[in-house]
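Note that this is a predicted model, so its numbers are computed, not measured. Starting from 1, each residue takes its place in the sequence as its number.
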Amino acid sequence: MHVHRYEKLWFGAALLLIVLFIATVVFGAVGAGIQMIDDEAGTVDPSNLSEHPRFSETGVVESDDADTDYEVRIVAYHPTYAPTTVTVPVDSTITFYLTSGDVIHGFDMVGTNVNAMVIPGQVTSFTVEFDETGEYDFICNEYCGPQHHIMEGAVEVVSQEEWNSDGGGDS
Ligand code: CUA
């Protein structure tokens, strides 16, 4: 069977494209450091968060867990987060615990790979380490009501010296 030279060329180019497409999918799945958030952090009663051992005290809390330095506990209520701003030290392991007191919200930290849903009744948990100081803004990226567009907050990452001098915290 004779295959025309141009046909062979296109055949090769098409195969190359398929390999490249598979490579981009594989890179997106394993190479880009993307981790899915599971339901391991458990469930809560959204109407009784003030009694909950974790969400009765929101903000930055020193962690009892050996694998993490600080916990950041945030409750989303339309159209805000409680607390709105948290301060954490650089180069520390920070585990976020998020939940909602009303409807589904988002928690998208601009310029980072943090992007989570905040669901009433469910605890969203993920661990991050900030290796650069600065202000990391987060926004709600799930439509949650008429004031959705103003729902935002920030994580301020300060140097270890600054953290030790003012004790960190939230506002
Ligand atoms: Cu909360 Cu949109």
(message) For the CD1 atom of Ile150 and the CD1 atom of Ile139, what is their distance to the nearest 0.5 Å?
(response) 13.0 Å
(message) Within the 4.5 Å heavy-atom criterion, are Val90 and Val158 side-chain neighbours or not?
(response) no
(message) To the closest 0.5 Å, what do you measure between OG1 (Thr85) and CD (Glu152)?
(response) 9.0 Å
(request) Look at the side chain of Thr24 and the backbone N and O of Phe21, then say whether any donor-acceptor pair between them is shorter than 3.5 Å. (result) yes
(message) Under the criterion side chain to side chain contact (heavy atoms under 4.5 Å, CB included), I'd like the reasoning laid out for Val123 against Leu98: C-alpha separation, chi angles, the key distance, then a yes or no.
(response) CA-CA 6 Å; Val123 181; Leu98 311 172; over 6 Å; no
(request) In sequence, state the C-alpha distance, the side-chain angles, and the governing distance for Val60 and Thr87, and then conclude on side chain to side chain contact (heavy atoms under 4.5 Å, CB included). (result) CA-CA 7 Å; Val60 184; Thr87 305; 5.8 Å; no
(message) Checking Ser47 now: which residues fulfil side chain to side chain donor-acceptor pair (under 3.5 Å) with it, not counting sequence neighbours?
(response) Asp45
(message) Could you tell me if Arg54 sits above the aromatic ring of Tyr97, with its cationic atom closer than 6.0 Å to the ring centre and no more than 45 degrees from the axis?
(response) yes
(message) In the structure I gave you, are the side-chain heavy atoms of Arg73 and Val75 within less than 4.5 Å of one another anywhere?
(response) no
(request) Answer whether the closest heavy-atom distance between the side chains of Ile104 and Tyr143 falls below 4.5 Å. (result) no
(request) Anything under 30° is parallel, anything over 60° is perpendicular, the rest tilted; go ahead and classify Phe96 against Phe130. (result) perpendicular
(message) If you compare all heavy atoms of Gln122 against all heavy atoms of Val44, which two are closest, and at what distance to 0.1 Å?
(response) N-CG2, 4.2 Å
(request) Taking the side chain as every heavy atom from C-beta outward, state whether Val157 and Tyr136 have any pair of such atoms under 4.5 Å apart. (result) yes
(request) Mind checking the OG1-CZ spacing from Thr112 to Phe138? Nearest 0.5 Å is all I need. (result) 11.0 Å
(request) Assign the ring pair His105 / Tyr81 to parallel, tilted or perpendicular, where the plane angle (0 to 90°) is split at 30° and 60°. (result) tilted
(request) Report yes if the side chains of Val72 and Val88 come closer than 4.5 Å at any heavy-atom pair, otherwise no. (result) yes
(request) Please report the closest heavy-atom contact between Ala116 and Ile37, naming both atoms and the distance. (result) CB-CD1, 3.6 Å
(message) To the closest 0.5 Å, what do you measure between CG (Asp102) and OH (Tyr77)?
(response) 8.0 Å
(request) Side-chain contact test, heavy atoms from C-beta onward, threshold under 4.5 Å: evaluate it for Met151 versus Cys144 and give yes or no. (result) yes
(message) To the closest 0.5 Å, what do you measure between CD (Gln160) and CD (Glu162)?
(response) 11.0 Å
(message) Less than 4.5 Å apart, side chain to side chain, heavy atoms only: is that true for Trp163 and Tyr70?
(response) yes
(request) Would you confirm whether Glu135, through its side chain, and Val155, through its main-chain N or O, come within 3.5 Å as a donor-acceptor pair? (result) no
(request) Under 4.5 Å between side-chain heavy atoms, chaining through other members, with only Ile, Leu, Val, Met, Phe, Trp and Tyr counted: pull out the rest of the cluster around Ile22, sorted by chain and number. (result) Ile18, Val26, Val30
(request) Go through Ser159 and Thr133 one step at a time and tell me if the side chain to side chain donor-acceptor pair (under 3.5 Å) criterion holds. (result) CA-CA 6 Å; Ser159 64; Thr133 58; over 6 Å; no
(message) If you compare all heavy atoms of Thr68 against all heavy atoms of Thr93, which two are closest, and at what distance to 0.1 Å?
(response) OG1-O, 3.2 Å
(request) Report the C-alpha distance between Thr124 and Thr99 in whole Å, list the side-chain angles of each, state the deciding distance to 0.1 Å, and finish with yes or no for side chain to side chain contact (heavy atoms under 4.5 Å, CB included). (result) CA-CA 6 Å; Thr124 300; Thr99 195; over 6 Å; no
(request) Would you please test Val114 and Phe107 for side chain to side chain contact (heavy atoms under 4.5 Å, CB included) and show each step? (result) CA-CA 8 Å; Val114 174; Phe107 187 90; 3.9 Å; yes
(message) Is the ring pair His2/His4 parallel, tilted or perpendicular, if the boundaries are 30 and 60 degrees?
(response) perpendicular
(message) Using side-chain heavy atoms (C-beta onward) and a distance below 4.5 Å, is Ser100 in contact with His78?
(response) no
(request) Go through the side-chain N and O atoms of Ser50 and Ser56 and say whether any donor and acceptor fall under 3.5 Å apart. (result) no
(request) Starting at CD of Glu129, measure out to CG of Asp69 and round the result to the nearest 0.5 Å. (result) 8.0 Å
